[in-house]
2 protein chains.
Amino acid sequence: MATLKQVAKLAGVDSSTVSRVVNNDPSLSIKLETRERILKAIEELNYSPNLAARNLKKKETKILGLAINNFFNPVMASIIHGAELRANKEGYNLLVYSSEHSQSKIINSLVDRHIDGLLISSLTFEEEDILKLNDKNLPIVSVNRKVLGMKNYVVVNDMQGAKLGVKHLIEFGHKKIAHISGPLYTSTAVERLMGYRTALNEGDIKFISEYVQESENSIDDGYIAMEHLLSLSNRPTAVFASSILIALGAMKAIQEEGLTIPNDISLVGFHDVYFAEAIFPRLTTVKMPLEEMGDKAIGKLIDIINKKDNGEGIIIPGERIISRDSVKRLV
Amino acid sequence: MATLKQVAKLAGVDSSTVSRVVNNDPSLSIKLETRERILKAIEELNYSPNLAARNLKKKETKILGLAINNFFNPVMASIIHGAELRANKEGYNLLVYSSEHSQSKIINSLVDRHIDGLLISSLTFEEEDILKLNDKNLPIVSVNRKVLGMKNYVVVNDMQGAKLGVKHLIEFGHKKIAHISGPLYTSTAVERLMGYRTALNEGDIKFISEYVQESENSIDDGYIAMEHLLSLSNRPTAVFASSILIALGAMKAIQEEGLTIPNDISLVGFHDVYFAEAIFPRLTTVKMPLEEMGDKAIGKLIDIINKKDNGEGIIIPGERIISRDSVKRLV
DNA sequence: TCCCTTTAGACAAACGTTTGTCTAAAGGAA
DNA sequence: TTCCTTTAGACAAACGTTTGTCTAAAGGGA
């Protein structure tokens, strides 16, 4: 690997001059001829700056951390995708941490790594962890969910999204609409529940508490919650599921019961992942701007790093309903 | 952030001594008392080594790159998961690149980053890219697929896996077994096709070429391939799909045709992803040791870095059939 | 006692950049 | 010509480690 010094020698200049050329330092005045000589030398030696040395000097790594629960959540895939593209565009790389590890291990790793900032979208980070990282002066942005005590979040409008999903059901003539919510210690689930209630309210439909089932965000738990709804004497005609995994579990429960979707039960899922179109029946979902959320979250993080951030949380609009085959029109 | 020098000053020793204590340098001889004094100072100042400085000195970054096509493939999720756990265990971090970017951009980024090694599982890396990276002396391991001109691969036994899947169908009495293969410019698809033919052969079933449909690894293409198989005059009773996405597409085609699985057509998919259990009907799949593959690939990469590798590709055994509801027993 | 070997740790150079400061030469104005 | 201002680029310190070498003190043997 060529160094600045070698390039400088070949071009017959000082290495500081090469450095300034490489970095387009405006304070440098240089003859066109000299610049070209340097550029040629760089080309010839195939020089590329040593990032470790640069990091040491500039006290920045151009690496952003990304802590997520796991990679299996297809919603995460979209967010990560948007985040990675934006990060690369801005000259950063993404270091991923899935928090199978204990939080403290991650935190140590992060601090040791001296990354420039951290994006979190992880349940396992609780308030005290965040504070610990804040202590270290590490810029943090929470993506997809709000965390207690953090103003730096980038989320989609879960409330509006849920409202949209439930309104769709109402427009199709449903009145007995149940909701399988996510775990209510997450902001997303709470907002979606609020959206559900708001839609009901605006549609002049009475809220029935037994129509709301809380569930972990998993296929298995969605299954159990749906089983419970099916056992109700006054069985709902439609269900709004708070996540795609819950929707999957609900579908399974309905179909194993020998019922069909949408004939017996209509179903709307949250988040339009790639297989919503592929399963049977094709699932009607609320599509949220996930990649944009990843993109904007990185944008905010970089703003914080550059002290350009206004300190306000961002709620990204743009939800819409993707109507497929899992909702039946009641006359 | 505290530095070595500050710790040294507080402990009343030279910073080189602190460094040796931090790194457990066996060449250091030191009084217990002094060591404890240093440890106390480290604790007190909350010292953690500056990785940039260390990297600069040791010419290693403890960062491993991971280049994948995209995050949406659930098979990748498992591989990444295994890889990340192992990497962390070995003191490395994982930097991800999804190759939406052009290869050359990735390669530049990689080289600039001075990462210690690279795991690839990406179609978009072709032979010449690999060679370019080899030129740079960057340790590379290909995971999940073999790439022309690379001996450093870690794969599962796709051939055996496919054979197992088809044998399962044969055991259930099927003789008219079709295969939707993946794109035959990938080693995985070729091996799986071979497994299919071997199983047929060992089961004394004649190979019919129109029973093999090549397809891209996507839901849409699987759908098209299945449509074609359904239009055959001598329609198969069972299909072995070369990937889970293809299987999803095939299911869709079958169900849209008004046929049911497994009554009209039996189906076996490849790779047991989390939603195989959730879709309707529950899909019988061939489960491969994906996380182990990710783990072993990182292991091999680190071996190469440490010049401990034997240069032989690794094929990981351990495939098994997960029998669910998508295969019907013919009497 | 003297000499030799350990023990315990200090010294200093080096890794490859970045960046504030300095200087020599060139050009322009008077 | 002299003096002043640009222009063009050199000099050198610093970032925080690691590691080969060196040295002073302590201990041991004869």
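Below, chain A is the first sequence line, B the second, and so on; all start at residue 1.
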Below the 4.0 Å mark, does [N] have OP1 or OP2 next to a side-chain nitrogen or oxygen of [X]?
X: Ser16(A); N: dT19(C); value: no
X: Lys59(B); N: dG16(C); value: yes
X: Arg54(B); N: dG16(D); value: no
X: Ser19(A); N: dG16(C); value: no

Exercise. Got a donor-acceptor pair under 3.5 Å from the side chain of Thr3(B) to the base of dC15(D)?
Worked result: no
Between [atom2] of [N] and [atom1] of [X], the distance in whole Å:
X: Ile30(B); N: dT6(C); atom1: CD1; atom2: C1'; answer: 16 Å
X: Lys58(A); N: dG16(D); atom1: NZ; atom2: C1'; answer: 18 Å
X: Leu51(B); N: dG16(D); atom1: CG; atom2: C1'; answer: 11 Å
X: Gln6(A); N: dC15(C); atom1: CD; atom2: C1'; answer: 13 Å
X: Asn50(A); N: dA14(C); atom1: CG; atom2: C1'; answer: 13 Å
X: Asp25(B); N: dT18(D); atom1: CG; atom2: C1'; answer: 9 Å
X: Lys62(A); N: dT17(C); atom1: NZ; atom2: P; answer: 17 Å
X: Arg35(B); N: dT7(C); atom1: CZ; atom2: C1'; answer: 14 Å

For this session: Please determine, for dC22(C), whether a Watson-Crick or G-U wobble partner exists with both distances under 3.5 Å, and give it or none.
Result: dG9(D)
Exercise. So which one's nearest nucleotide on DNA chain C is more toward 5', Leu32(B) or Ser15(A)?
Worked result: Leu32(B)
Exercise. Nearest nucleotide by nearest heavy atom, which residue falls closer to the 5' end of DNA chain C, Lys57(B) or Asp14(B)?
Worked result: Asp14(B)
Between [X] (side chain) and [Y] (backbone), is there a donor-acceptor pair under 3.5 Å?
X: Lys300(A); Y: Glu312(A); result: yes
X: Glu84(B); Y: Ser98(A); result: yes
X: Asn157(B); Y: Ile315(B); result: no
X: Asp295(A); Y: Glu291(A); result: no
X: Asn50(B); Y: Ala52(B); result: yes

Problem set entry | Asn144(A) and Ser121(A) side chains, donor-acceptor separation under 3.5 Å | no
Give [X] one of three labels, base, sugar-phosphate or nothing, depending on what nucleic acid heavy atoms sit under 4.0 Å from its own.
X: Ser27(B); result: nothing
X: Leu56(A); result: base
X: Asn23(B); result: sugar-phosphate
X: Leu4(A); result: base

Exercise. Closest to the Val13(B) side chain: dT17(C), dA10(C), dG9(D)?
Worked result: dA10(C)
Exercise. Where the side chain of Arg20(A) is defined as all heavy atoms beyond and including C-beta, which of dG16(D), dA10(D), dA10(C) is the nearest nucleotide?
Worked result: dA10(D)
